[in-house]
2 protein chains.
Amino acid sequence: MTNVTTAAADPTEPGTPAPTRQARGEQTRQLILETALRLFRERGYAETTMRAIAKEAGVAVGNAYYYFDSKEHLIQGFYDRNQDEMRVASVRVLADEKEFAARLRGVMHVGIDVNGPYHSFAATFFKYAAEPSSPLSPFSSASSPARDASIAIFRDVLDGSTVKLDPELRKELPELLWLGWMGVILFWVYDKSPDQRRTRRLIDGAVPLIDRMVSLSRLRVLRPALRQILALIESVRRDD
Amino acid sequence: MTNVTTAAADPTEPGTPAPTRQARGEQTRQLILETALRLFRERGYAETTMRAIAKEAGVAVGNAYYYFDSKEHLIQGFYDRNQDEMRVASVRVLADEKEFAARLRGVMHVGIDVNGPYHSFAATFFKYAAEPSSPLSPFSSASSPARDASIAIFRDVLDGSTVKLDPELRKELPELLWLGWMGVILFWVYDKSPDQRRTRRLIDGAVPLIDRMVSLSRLRVLRPALRQILALIESVRRDD
DNA sequence: CGCCTTTCTTGAACGTGTTCAACTATGTCG
DNA sequence: CGACATAGTTGAACACGTTCAAGAAAGGCG
């Protein structure tokens, strides 16, 4: 992309089917986002400057800020894309398997598969997601659609399985599994082992334990303990 | 971890205890650190510029960089100070109490007490600690002295108590408790309830559960499950 | 067509964290 | 003492993310 052209002064040709005004804007938006994500992948997040993104996309730097509030906001595009990829891949896994443990394990491995290629990239921008005030935080209200979608996957893991468990626990479990998944992601971000094998081992080791505990939730002897745990969750969730 | 260490080329002093040059440098270092932490508290981290710190301390901006590699590194001072404050306050709590659950609960509440005044400040710089490559990360090798000191507190919580538990678990528990404490801190950072009451409730609710599980670790029936958990930990810890 | 509004685009300018070559102060040694 | 080395200090300069006043392009409307 030789950048000698006067990008702005280029009049639209009278013969071409003119795109609508909105479509043109959306086109620029996509161009900037694609360029940014490509450069992030090629050079890393910190090493990619807004000037470089603008230059590579053939627009002015201010134009990027017309579509994205900040450099951080460009990450959201990556975020959404991966989220969706995990959802799609999960469907395939869940279609073939009816046992709870296998379903849970499958979904988690799929999640790591999907994110794997971006491990080093994810580690660098993880700090932005960690800031409580950031809209990128998985706990932020801005992320609540993505969060709900993710929890829905785990609800599907549970509801599509043959496992029997305490009804009270069943209500809470999808969110708890999502929370556990966030823990796995946290571990994964810090995992420096080749191909993040330790994270795989964590999943393979933790899933049977979770499966066991979920099954035991129906035992009458453990009822008081379960109640205590559920009460703790309820108490902590309370927002005062 | 008071780092009064001298430079590399350390000439053996001929007997005169007058390290005026070093003392002067250390004095400047402290001046910059104190000024920085004060401004962080007064204005917030992001709102405090390096220029403001330098000006307020009466030095050139480059001088701050002679003593601290970056603005982030100034946070380490805060970090160390609070760590030490928690350690000291823990000693008082642990002197009065012999029961495991009460000791654990006491130490955790002390930790929240100590950090309480800096909650909003902590939330803003938390992102720097979250970045895996950052020396501020609790899992980084640079933090290993602080980490070891923190784990030592939990070892004291355990060893000074009357609780009986499986010997294998006893070996691992201090580190596990520290990990749990990191989880509590994570929760606390995101806790927006007044005075972080939800974090208090989390501690009060989780400690009895931990206490119960620790005590049950001696039961022969649960031996296989315990082994499984310990094997998981061992497997995940393995660094390949 | 001419005029207006809205959408889109521009690039200079600002404040920031950080670097660095130059300089000063201080102690060391012949 | 005088030269030298080391520790400490300076502030201009750099690259960066971000802002903003100004303007261009596109469509609507008489």
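Keep in mind the model is a prediction, meaning the values are calculated, not measured.
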Just say parallel, tilted or perpendicular for the rings of Phe139(B) and Trp178(B), cut-offs at 30° and 60°.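 Judged by the thresholds at 30° and 60°, the geometry between Phe139(B) and Trp178(B) is perpendicular.
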Would you call the rings of Trp188(B) and His119(B) parallel, tilted or perpendicular, taking 30° and 60° as the class edges?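 Judged by the thresholds at 30° and 60°, the geometry between Trp188(B) and His119(B) is perpendicular.
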For [N], take OP1 and OP2 only and decide whether either is under 4.0 Å from a side-chain N or O of [X].
X        : N       : answer
Asn63(A) : dT10(C) : yes
Tyr67(A) : dT9(C)  : yes
Tyr66(B) : dT10(D) : no
Thr28(A) : dT9(C)  : yes

Whole-Å gap separating [atom2] ([N]) and [atom1] ([X]):
X        : N       : atom1 : atom2 : answer
Lys55(B) : dT9(D)  : NZ    : C1'   : 18 Å
Tyr45(A) : dC16(D) : OH    : P     : 14 Å
Lys71(B) : dT19(C) : NZ    : P     : 14 Å
Glu47(A) : dA15(D) : CD    : P     : 16 Å
Gln27(B) : dT9(D)  : CD    : C1'   : 15 Å
Tyr65(A) : dT10(C) : OH    : P     : 15 Å
His73(A) : dT18(D) : NE2   : C1'   : 13 Å
Glu26(A) : dC8(C)  : CD    : P     : 9 Å

Salt-bridged, Glu172(B) to Arg237(B), with N to O below 4.0 Å?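 Judged by the 4.0 Å cut-off on N to carboxylate O distance, Glu172(B) and Arg237(B) do form a salt bridge.
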Are Phe78(B) and Tyr118(B), when compared by the centres of their aromatic rings, separated by less than 6.0 Å?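 So the answer is yes for these two rings.
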dG17(C) base / Arg51(B) side chain donor-acceptor hit below 3.5 Å: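 Under the 3.5 Å cut-off, the side chain and the base do form a donor-acceptor pair.
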Pairing donors with acceptors under 3.5 angstrom, does anything connect the side chains of Ser144(B) and Ser141(B)?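 Their side chains do not contain a donor-acceptor pair, so the 3.5 Å distance test is not met.
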Relative to the 5' end of DNA chain D, which residue comes earlier, Gly62(A) or Met50(A), by the nucleotide with the nearest heavy atom?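 With Gly62(A) and Met50(A) compared, the 5'-side residue is Met50(A).
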What contact category does Phe68(A) fall into here, base, sugar-phosphate, or nothing, at under 4.0 angstrom with non-hydrogen atoms?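 Counting heavy atoms under 4.0 Å across all strands, no contact is made by Phe68(A).
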With a 4.0 Å cut-off on heavy atoms, is Val61(A) in touch with a base, just the backbone sugar-phosphate, or nothing at all?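 If one applies the 4.0 Å heavy-atom cut-off, Val61(A) turns out to touch a base.
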